[in-house]
Number of protein chains: 2
Amino acid sequence: MTPADARAATARTAPPLNRTQVLTAAVALADREGLAAVSMRHLSAELGVVPMALYKHVADKDDLVSGMIDLVVAGYRPPEAGLDWREAVRQRVLSARDALLEHPWLRTAIEAATRRTPIVLGHMDALAGEFARGGLSYDLVHHAMHALGHRIWGFSPEAFASPPPRPGDTAPPPPTDVEAEAQRAMVAAMAQHFPHVAAIALDSAARSPSGACDEQFEFEFTLDLLLESFDRLHAAHWSSS
Amino acid sequence: MTPADARAATARTAPPLNRTQVLTAAVALADREGLAAVSMRHLSAELGVVPMALYKHVADKDDLVSGMIDLVVAGYRPPEAGLDWREAVRQRVLSARDALLEHPWLRTAIEAATRRTPIVLGHMDALAGEFARGGLSYDLVHHAMHALGHRIWGFSPEAFASPPPRPGDTAPPPPTDVEAEAQRAMVAAMAQHFPHVAAIALDSAARSPSGACDEQFEFEFTLDLLLESFDRLHAAHWSSS
DNA sequence: ACCTGAACACCGTTCAAGT
DNA sequence: ACCTGAACACCGTTCAAGT
């Protein structure tokens, strides 16, 4: 079905496109096929419309991606009222993490983002506000936000973990015997050349039966480590001037 | 000058291209015009060669970028021998940071990278090795690496800072009077809608005369905060099993 | 107000061919 | 062994035109 056909089929009944529809479709497309699949041309085809039609609702590609981020970030849940600042920050960050697990493309999108929208600023402000209401000086709040880094958005920097699988990828076929043998050799070579990385992997495997690093545990552990550090600095009468 | 002309001009004297030349030229191009300018076509034109010629020295675009990262990471300086583990980690991370300041595109490249090369694994292993030689359990080393996150590569996650200027961008023209007025209004609106972000900016400006956040100080402060946390967990007899 | 069509200046990568 | 040329299937975005 060409865009013209699709348009003709719905010309009488369908209301004109609007920004929310475009962004919602973009998010759904990214969820399904990954961020790389979200091109102006692919997205427009999905909406039964010519590529240039999108430019009425979105300034350009950058604005489209910003809008997708906003749509998700706007859904972060605020914490219950009356919580201790540590717990309030914890809940905000874990809520961000929930959204991220639903939308795996969000990590890449945020890392590549170049604009600071009001919604995004609002999230940062809310988080800074929790610290400030807890009595931390703005100097310490500043340092705390930097130390949290991308955990603010619900993910830790992926310097150590392997890259996540993308939805577009097909599952790898089961290894043949010679491939399995080659893999064993690889692991042995790894252990020889990178003994500490190998030791960490072994230790981690021994700790969790699944063999993989427990990402959720790791995230919460590091988050709590940071919160404790801020608390300690705060308790040490870290002063603002 | 077309690629053919360039080739003809040097056909007798120039030796054939090799991988190192391709990667070095790619790094220089990225330093000069930003990572976005490093396309197979642009790079090949710069080398006086047809795009497909690069594929003899590089598997594909991903391999090209991996090679660029390797070239820089291979230049990270190892710390002096006999240092305390905390100081050794500190020096490795600060050396990574030096390289990053020379190559601003490195942050984006590492964040987008999908392959784990031996050179990159080697850096992670060296860092994990410093912790391990300090007597930390591999479980704690694992957590420490996660907490360091992208600081391993010399940058902190840019969740709070504004995106860095790209070499390709032209400097903005000086603001006219009405623009300056509009900017003042923006700042006032910021302070109203995002009071905590504004307070942090004000506090930071009061602290450093330049008005901007002192990135280097911030980086080292957070790095030291993390190192202290690991040390404390270590001293608390954090056990491995 | 919203969508279309054709065009422009780009991409990465294939294949078969040259020297 | 290394480089070329033509082609394919894509991009984002412009401009002028339709309804």
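All values below come from the heavy atoms of this structure, side chains included, with hydrogens, waters and symmetry mates left out. The structure presented is a predicted model; accordingly, all values stated were derived computationally and were not measured. So that the names make sense, note that chain A is the first sequence line, chain B the second, and so on, each numbered from 1.
- Each of A:Ala53 and A:Arg41 has a nearest nucleotide on DNA chain C; the 5'-most of these lies closest to A:Ala53.
- Residues that satisfy the side chain to side chain contact (heavy atoms under 4.5 Å, CB included) test with A:Asp98, not counting sequence neighbours, are A:Arg77.
- Within the 3.5 Å criterion, the main-chain N or O of A:Asp62 finds a donor-acceptor partner in the side chain of A:Ser66.
- Counting only residues at least two apart or in different chains, ring pair (Phe, Tyr, Trp, His ring centres under 6.0 Å) contacts with residues 30-61 of chain B are absent.
- With sequence neighbours left out, A:Phe155 forms a ring pair (Phe, Tyr, Trp, His ring centres under 6.0 Å) with A:His150.
- For A:Ala99, the side chain to side chain contact (heavy atoms under 4.5 Å, CB included) partners at least two apart in sequence or on another chain are A:Val72, A:Tyr76.
- The side-chain hydrogen bond (donor to acceptor under 3.5 Å, both in side chains) check on B:Glu218 picks up A:His143, B:Thr222, with sequence neighbours excluded.
- For the segment residues 60-72 of chain B, the set of residues with a heavy atom within less than 4.0 Å of an atom of DNA chain D is empty.
- Between A:Leu43 atom CG and D:dC11 atom C1' the separation is 14 Å, expressed in whole Å.
- For the pair A:Ala59 and A:Asp63, the tightest heavy-atom approach, listed with the atom from each and the gap, is N-OD2, 2.9 Å.
- Each of B:Leu54 and A:Pro51 has a nearest nucleotide on DNA chain D; the 5'-most of these lies closest to B:Leu54.
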Please list, for nucleotides 14-19 of chain C, all pairs of protein and nucleotide N/O atoms separated by less than 3.5 Å.
none

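- Between the CE atom of B:Met40 and the C1' atom of D:dC10 there is a distance of 16 Å, rounded to whole Å.
- Remark: A:His57 is in phosphate contact with C:dC3, judged by side-chain N or O atoms under 4.0 Å from OP1 or OP2.
- Annotation: side-chain hydrogen bond (donor to acceptor under 3.5 Å, both in side chains) contacts of A:Thr108 (sequence neighbours excluded): none.
- Atom C1' of C:dA16 sits at a distance of 13 Å from the matching atom of D:dC3, rounded to the whole Å.
- With sequence neighbours left out, A:Pro118 forms a side chain to side chain contact (heavy atoms under 4.5 Å, CB included) with B:Phe194.
- Across the interface with DNA chain C, nearest-nucleotide mapping of A:Lys56 and B:Ser39 shows A:Lys56 to be the residue nearer the 5′ end.
- The interatomic distance linking A:Leu17 (CG) with C:dT4 (C1') rounds to 14 Å, in whole Å.
- Every residue two or more places apart in sequence or in another chain was checked for a side chain to side chain contact (heavy atoms under 4.5 Å, CB included) with B:Leu202, and none qualifies.
- Listed by chain and residue number, B:Arg115 satisfy the side-chain hydrogen bond (donor to acceptor under 3.5 Å, both in side chains) test with B:Asp60 (two or more places apart in sequence, or in another chain).
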With Watson-Crick and G-U wobble geometry limited to distances under 3.5 Å, how should the secondary structure of DNA chain D be encoded in dot-bracket form, using | for bases paired to another strand and [ ] for crossing pairs?
||.|||||...|||||.||
